[in-house]
Amino acid sequence: VELRRVEAARRAAGRELNALASQLKDGYGLDEGHIFHAQLLMLKDEHFTGLIRDRVAKGRSAEAAVVEAVRELEEMFQRQVDPYLRERSVDVHDVGARILGHLIDRCTHPFARLPDDAVIVADQLFPSDTVALERGRVRAIVTAQGSENSHAAILARALGIPAVTAIDGILDACAPGDAIAVDGETGEVILRIEGQRQADYIRHARHYRDALEEVRRITGHSATTVD
């Protein structure tokens, strides 16, 4: 029974990953769908599925088997010397969370209902978190962990959302409702911004968004010359 539950959750997760890759390509015209194709390979990996099967065979529930298998793979990647390989521990976690979401029938993403002009401050974001964000509502992302080369950061940039990573202590330094300015170009994060400085940042952000929309509008047009 537990193995059948895991297999059903894996199939559902695979359909979602394919849909996310298509969403980036067809909905946004982005090529970053390869991130979710890589997660799809992880989902089907024989070593990963074998770890889950072994734990179910020892009497573990489907949920516990997935959690323990994911934890073992995360620790393996985190021990790697290569920073790129270490970052893949985040993708393993993301894949595991997606499977668990189907096992526990989680229907909505925690970022499904955000206020306008939201700045996401988190310990870490995963690729599926980032692609779930509403571009029209989210102004920026700040995380305590991660790097500019993480898949979440790559997706944020592709979606036009400023992202600053590896800000130690950010969770303790701010509170819900604080006005925060984030400069994705310089990596500067200003907490409880107000007055003229806030007005300047709002104007700068508006100009940036207008320029980005213009780039998106002309992207894909054929190149022409005056002659």
Side-chain angles (χ1 to χ4, degrees), residues 1-24 32-114 120-134 138 141 143-147 150-156 165 171-172 176:
V1 174
E2 295 304 283
L3 272 180
R4 287 199 297 271
R5 292 181 64 222
V6 170
E7 287 308 306
R10 285 180 61 243
R11 287 194 296 271
R15 289 192 294 271
E16 285 184 343
L17 290 171
N18 275 317
L20 286 172
S22 297
Q23 175 187 333
L24 287 174
E32 278 72 17
H34 65 83
I35 290 172
F36 295 109
H37 287 143
Q39 288 195 357
L40 193 60
L41 292 176
M42 286 184 177
L43 185 70
K44 298 177 179 178
D45 181 72
E46 282 297 323
H47 180 56
F48 178 41
T49 56
L51 290 174
I52 297 174
R53 284 195 298 269
D54 288 346
R55 283 159 172 78
V56 170
K58 293 176 182 177
R60 306 295 283 163
S61 68
E63 291 85 354
V66 171
V67 168
E68 292 171 11
V70 167
R71 186 178 299 127
E72 181 173 328
L73 284 181
E74 278 186 289
E75 291 172 354
M76 181 191 75
F77 278 110
Q78 287 166 356
R79 289 192 298 268
Q80 302 302 310
V81 176
D82 188 328
Y84 177 83
L85 292 177
R86 284 201 305 272
E87 283 285 352
R88 300 295 67 77
S89 67
V90 176
D91 290 291
V92 172
H93 185 104
D94 205 17
V95 169
R98 187 172 295 280
I99 298 173
L100 280 174
H102 287 286
L103 287 172
I104 64 176
D105 294 323
R106 187 180 66 195
C107 298
T108 59
H109 193 280
F111 292 150
R113 296 182 182 89
L114 292 171
I120 303 297
V121 179
D123 181 57
Q124 188 170 36
L125 281 191
F126 300 99
S128 60
D129 295 328
T130 308
V131 79
L133 298 174
E134 292 185 58
V138 177
I141 297 168
T143 62
Q145 297 190 58
S147 74
S150 69
H151 281 166
I154 291 170
L155 280 170
T165 60
L171 295 178
D172 295 325

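These figures come from a predicted structure and were not determined experimentally.
- Residues F77 and D91 fail the side-chain proximity criterion, which asks for heavy atoms closer than 4.5 Å.
- Within the 4.5 Å cutoff, the side chain of L133 has heavy atoms near those of the I141 side chain.
- In this structure, L40 and G14 approach most closely via the heavy-atom pair CD1-CA, 3.6 Å.
- Using a 4.5 Å heavy-atom cutoff, the side chains of Q124 and D129 are not in contact.
- Nearest heavy atom pair, residue H93 against residue F126, reads CD2-CZ, 3.2 Å.
- Between G33 and A21, the shortest heavy-atom contact is O-CB, 3.7 Å.
- Atom CG in L24 sits 7.0 Å away from atom CG in L20 (nearest 0.5 Å).
- Distance check, rounded to the nearest 0.5 Å: NE2 of H37 to CG of N18 gives 5.5 Å.
- In this structure, L155 and P127 approach most closely via the heavy-atom pair CD1-O, 3.6 Å.
- Between the R5 side chain and the V1 main chain, no donor and acceptor come within less than 3.5 Å of each other.
- Two residues are said to be in side-chain contact when any heavy atoms from C-beta on lie closer than 4.5 Å; E134 and L114 fail this criterion.
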Under the criterion side chain to side chain contact (heavy atoms under 4.5 Å, CB included), I'd like the reasoning laid out for I99 against L43: C-alpha separation, chi angles, the key distance, then a yes or no.
CA-CA 9 Å; I99 298 173; L43 185 70; 3.5 Å; yes

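- Taking 4.0 Å as the cut-off between side-chain N and carboxylate O, E72 and R55 count as a salt-bridged pair.
- Counting all heavy atoms, side chain and backbone alike, R86 lies closest to V81 at NH1-O, 2.6 Å.
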Please test T130 against E32 for side chain to side chain contact (heavy atoms under 4.5 Å, CB included), starting from the C-alpha separation and ending with a verdict.
CA-CA 12 Å; T130 308; E32 278 72 17; over 6 Å; no

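- Residues Q80 and R88 form no side-chain contact, since every pair of their non-hydrogen atoms from C-beta on lies 4.5 Å or further apart.
- Comment: E7 does not engage R53 in a salt bridge, judged by the lack of any side-chain N to carboxylate O separation of less than 4.0 angstrom.
- Remark: V67 pairs with R71, L100 by the side-chain contact (heavy atoms from CB on, under 4.5 Å) rule, at least two apart or across chains.
- Atom-to-atom distance recorded for L51:CG and M76:CE is 9.0 Å, nearest 0.5 angstrom.
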Begin with the C-alpha distance, continue with both residues' side-chain angles, and end with the deciding distance and a verdict on salt bridge (charged side-chain N to carboxylate O under 4.0 Å, His left out) for E2 and R60.
CA-CA 8 Å; E2 295 304 283; R60 306 295 283 163; over 6 Å; no

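- Atom-to-atom distance recorded for H47:NE2 and L73:CG is 5.0 Å, nearest 0.5 angstrom.
- Annotation: the span from L17 atom CG to R10 atom CZ amounts to 11.0 Å, rounded to 0.5 Å.
- Here the closest heavy-atom approach between residue V56 and residue A65 is recorded as CG2-CB, 3.7 Å.
- At a cut-off of 3.5 Å, with distance as the only test, no side-chain donor of Q39 or H151 sits close to an acceptor on the other residue.
- Distance check: L125 CG to T143 OG1 gives 6.5 Å after rounding to the nearest 0.5 Å.
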